[in-house]
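Note on naming: letters A, B, ... go to the chains in the order of the sequence lines (proteins, then strands), and numbering restarts at 1 for each one. Please read these numbers as outputs of a predicted model, since none were measured by experiment.
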Amino acid sequence: VGFKREIDEEFTEGLEEALILADVGLPTTQYLMEQLGQQIRARGVRTPAEALAYLKEEVASLLGREVSPLNWAPSPPTVILMVGVNGSGKTTSLGKLAFLLAREGKKVVVAAADTFRAAAIDQLEVWAQRSGAAFIRHQPGADPAAVAFDALQAAKSRGWDVVLVDTAGRLQTKVNLMEELKKIKRVLAKEQEGAPHEVLLVLDATTGQNALSQARLFKEAVEVTGIVLTKLDGTAKGGVVVAIARELELPVKFIGLGEGIEDLQPFYPRDFAEALFT
Amino acid sequence: LLSERIQGIFKKLRSKGRLTPEDVDGALKDIRVALLEADVNFRVVKDLVNRIRERAVGQEILESLTPAQQVVKIVHEELTRLMGGGERGINWAPQPPTVVMMVGLQGSGKTTTAAKLAALWKKQGKRPLLVAADVYRPAAVKQLQVLGEQIGVPVFSWESQDPVEICRRSLEQNLPFPPNPVIIDTAGRLHIDVPLMEELKAIKEEIQPQEILLVVDAMTGQDAVEVAQRFHADLGLTGVVLTKMDGDARGGAALSVLAVTGCPIKFMGTGEKIGNIEIFHPDRLASRILG
Ligand SMILES: Nc1nc2c(ncn2[C@@H]2O[C@H](COP(=O)(O)OP(=O)(O)OP(=O)(O)O)[C@@H](O)[C@H]2O)c(=O)[nH]1
Ligand SMILES: Nc1nc2c(ncn2[C@@H]2O[C@H](COP(=O)(O)OP(=O)(O)OP(=O)(O)O)[C@@H](O)[C@H]2O)c(=O)[nH]1
Ligand SMILES: [Mg+2]
Ligand SMILES: [Mg+2]
């Protein structure tokens, strides 16, 4: 895209194509191209290089420009709830986050509140062991809210710093499953002021425009406070988070870059904007 | 086949009587937007719309007394041509066992779908065997074992870090009643992970499967083309399974996968329960994509 000498139709169509291929979606792509068009007409942008730089800055600005840190509780424990659709990477991301926080010196407890899916508890237990976190579980089929409650109670009585709650994957359109999630949140809130302090929506970067529906409905149900964008080590760009930022102002807090325990990094809006166009 | 929205586009066309190329262009623009919003890949949409345009601005249309009908017919034909092709059934081996290999990206639904297929074929009187060849994901073998237990299907596993060895051993068993089909659950992997794609080729070489099914999440976006192309180039896919069709994703990825591989979509996952699997129906997907 950057080798053109002047801003012509072929160049702007190339920009549009890049954004759509990155899953930014039509409405947000059109919004960005209109903004660019205004700048070109006002002579603020005159060359292809300037146009590209302008778009990158617009995207970074929509994404909040700077890193978005975790919301810490005024007094421990901080409670973090992982939510999202099936297979997006919640359990793995939780394991990575537990490791990251433990390495910062925090005492972490992991709650196996996915009591539904085959071997979900076993899977999370491996991650808890790898990260050195404490692990709270009940039997498969138990009430997820009870597991979350137990973990929070344990953290409070033992002076632990963070409670990480894993939940079962669920499609956002399944009303009864969203009600189950609301109940988990209510139970946490009742047991601790301000809990959950962070509700992280785990989004798979290969997801298309349906991610917007996911963000809307999960936000509506359990007040999502941030996004973890996983599987960015693939070829998908995850551009839908730009549309999500524009519509819902949800910040991306972390990105998943692989299946290993260290493959979780903070989200840098400028780096992401840069990568959208490569 | 065509949904309300596309009906609306054509209603506008019909009201015009004779069509100019500009009228057709307007309709095609609307169709392009509908497909992109449904996550069909940008370039797949471009090719599809160009093919439709080439046919729609031909003499036959501009001379026709019912040009709008002709355009509708062409769009319908092009979409059905994309979706309808290919043998939808399983290629059963003349000599058992039939070997079915599940492949795809991380989290797409391979393990769950493997169990669903096993349950489906067991109901049809077959004697399936599930093979736990994912040696990487924590508790992956246990996940398949729990599912196998739920449906009364045996699960083969082996203490080994080599999936090729596990698959070979699963076929070497000397059982009184040989299993058929043998369903191999592989680890999720990226299409750009060369060593892991080589591993899949090695598994294929070892077990010579009749079916290699790419499991694709229905909510996949533009990347579906890249993924499908790589898996197909490396392995020679025989079919596709679209999972999580019980959500509200439009499923345009399916069209993209079809366009670049020509492989038939054989099954759809429609929920988390073992019974939630169906034979794929092209017309239902078409109306879902066109919104
Ligand atoms: N390449 C890559 N794979 C990932 C990443 N995050 C998770 N995965 C893989 O994605 C698959 C699904 O991850 P899980 O953590 O089980 O996802 P989940 O959301 O907990 O799934 P459910 O609980 O079944 O809804 C696993 O194979 C993970 O290893 C990532 O950042 N990159
Ligand atoms: N709602 C719904 N969920 C599904 C469907 N198919 C699979 N799932 C869920 O999607 C998640 C991932 O399924 P898995 O079978 O673990 O996916 P996988 O491809 O084996 O994952 P990896 O082995 O980590 O690559 C689980 O929570 C499944 O229950 C479906 O058709 N509908
Ligand atoms: Mg999980
Ligand atoms: Mg699996």
Side-chain angles (χ1 to χ4, degrees), chain A residues 16-27 29-30 85-92 95 116-127 129-130 140 168-174 177 204-211 213-214 217 230-231 233-240 256 258-259, chain B residues 32-33 36-43 45-46 105-112 115 136-150 187-193 216-227 230 243-244 246-253 256 269 271-272:
Chain A
E16 211 168 23
E17 178 171 347
L19 288 170
I20 293 177
L21 283 175
D23 283 317
V24 170
L26 268 182
T29 297
Q30 282 167 359
V85 302
N86 307 72
S88 62
K90 299 174 291 301
T91 304
T92 308
F116 169 74
R117 207 210 67 214
I121 297 171
D122 305 79
Q123 181 189 7
L124 187 63
E125 186 161 29
V126 173
W127 285 108
Q129 285 164 356
R130 286 176 181 175
R170 68 205 67 219
L171 299 184
Q172 67 279 19
T173 45
K174 308 235 161 155
L177 297 182
D204 186 330
T206 66
T207 306
Q209 296 309 298
N210 191 255
S213 162
Q214 294 174 23
L217 293 180
T230 63
K231 308 179 200 173
D233 46 317
T235 49
K237 304 257 171 154
V240 66
E259 303 188 71
Chain B
R32 175 180 176 270
V33 168
L36 283 176
E37 286 181 349
D39 284 327
V40 183
N41 181 271
F42 184 90
R43 289 172 186 144
V45 173
K46 205 169 180 183
L105 294 180
Q106 291 89 347
S108 55
K110 300 173 290 301
T111 305
T112 311
Y136 306 105
R137 170 172 155 152
V141 174
K142 174 116 199 254
Q143 183 185 6
L144 198 60
Q145 285 171 333
V146 170
L147 291 172
E149 212 163 300
Q150 282 177 12
R189 68 203 65 213
L190 297 177
H191 48 302
I192 53 172
D193 187 325
V216 176
D217 193 325
M219 63 184 89
T220 309
Q222 297 287 307
D223 200 43
V225 158
E226 200 57 34
V227 174
R230 291 289 192 113
T243 60
K244 307 175 204 172
D246 45 317
D248 63 350
R250 301 275 293 286
S256 308
E272 294 192 66

**OP:** Name the region of A/Lys174, side chain, backbone, both or neither, that has any atom closer than 4.5 Å to a heavy atom of chain B.
**Re:** side chain
**OP:** Please list, chain by chain and in numerical order, all residues satisfying side chain to side chain donor-acceptor pair (under 3.5 Å) with B/Thr111, sequence neighbours excluded.
**Re:** B/Asp185
Subject >> Most contacts with chain A, counted as non-hydrogen pairs under 4.5 angstrom, among B/Asp39, B/Val141, B/Leu144, B/Val146 >> reply: B/Asp39
Original post:
Are any non-hydrogen side-chain atoms of B/Leu190 and A/Lys231 less than 4.5 angstrom apart?
Top reply: no
Original post:
Are the charged groups of B/Arg43 and A/Glu17 less than 4.0 angstrom apart, N to O?
Top reply: yes
Original post:
Which bit of B/Asp193 is near chain A, if near means a heavy-atom gap under 4.5 Å: side chain, backbone, both or neither?
Top reply: neither
Subject >> Which portion of B/Leu105 sits near chain A, non-hydrogen atoms under 4.5 angstrom >> reply: side chain
Original post:
Which atom names give the shortest non-hydrogen contact between A/Gln123 and B/Ala139, and what distance separates them?
Top reply: N-CB, 3.6 Å
Subject >> Any residue of residues 220-227 of chain B which, by heavy atoms, sits under 4.5 Å from chain A >> reply: B/Thr220, B/Gly221, B/Gln222, B/Asp223, B/Glu226
**OP:** Can you measure from CG (B/Asp217) to OG1 (A/Thr206) and round to the nearest 0.5 angstrom?
**Re:** 6.5 Å
Original post:
Is it the backbone or the side chain of A/Thr235 that comes under 4.5 Å from a heavy atom of chain B, or both, or neither?
Top reply: both
Original post:
If only atom types and distance count, is the side chain of B/Lys244 paired as donor or acceptor with the main-chain N or O of A/Asn86 below 3.5 Å?
Top reply: yes
Original post:
What distance separates B/Gln106 CD from A/Asp204 CG, expressed to the nearest 0.5 Å?
Top reply: 8.5 Å
**OP:** Count the heavy-atom pairs under 4.5 Å between each of B/Ala249, B/Ala253, B/Gly109 and chain A, then report the option with the highest count.
**Re:** B/Ala249
Subject >> Segment of A/Ser213 engaging chain B (4.5 angstrom heavy-atom cut-off) >> reply: side chain
Subject >> chain B contact via A/Val240 - which portion, at a heavy-atom distance below 4.5 Å >> reply: neither
Original post:
By a 4.5 Å heavy-atom criterion (distance strictly below it), what part of B/Asp248 contacts chain A: side chain, backbone, both, or neither?
Top reply: both
Original post:
So what's closer than 4.5 Å to chain B heavy atoms on A/Ile20: side chain, backbone, both or neither?
Top reply: both
Original post:
CG/A/Asp122 to CD/B/Gln145 distance, rounded to the nearest 0.5 angstrom?
Top reply: 10.0 Å
Original post:
If you look at every heavy atom in A/Thr173 and B/Gly247, which pair is closest and at what distance?
Top reply: OG1-CA, 4.0 Å
Original post:
Which region of A/Glu259, side chain (C-beta onward) or backbone (N, CA, C, O), has a non-hydrogen atom less than 4.5 Å from a non-hydrogen atom of chain B, or is it both or neither?
Top reply: side chain
**OP:** Report yes if the side chains of B/Gln143 and A/Arg117 come closer than 4.5 Å at any heavy-atom pair, otherwise no.
**Re:** yes
Subject >> Most contacts with chain B, counted as non-hydrogen pairs under 4.5 angstrom, among A/Ala120, A/Ser88, A/Ala119 >> reply: A/Ala119
Original post:
When only pairs under 4.5 Å are counted, which of B/Thr243, B/Thr112, B/Ile192 shares the most heavy-atom pairs with chain A?
Top reply: B/Ile192
Original post:
If you count the non-hydrogen atoms of other residues, nucleotides and ligands that lie under 6.0 Å from CD in A/Gln129, is the total more than 12?
Top reply: yes
**OP:** Considering only heavy atoms and a distance below 4.5 Å, find which of A/Thr207, A/Leu124, A/Val126 pairs most often with chain B.
**Re:** A/Thr207
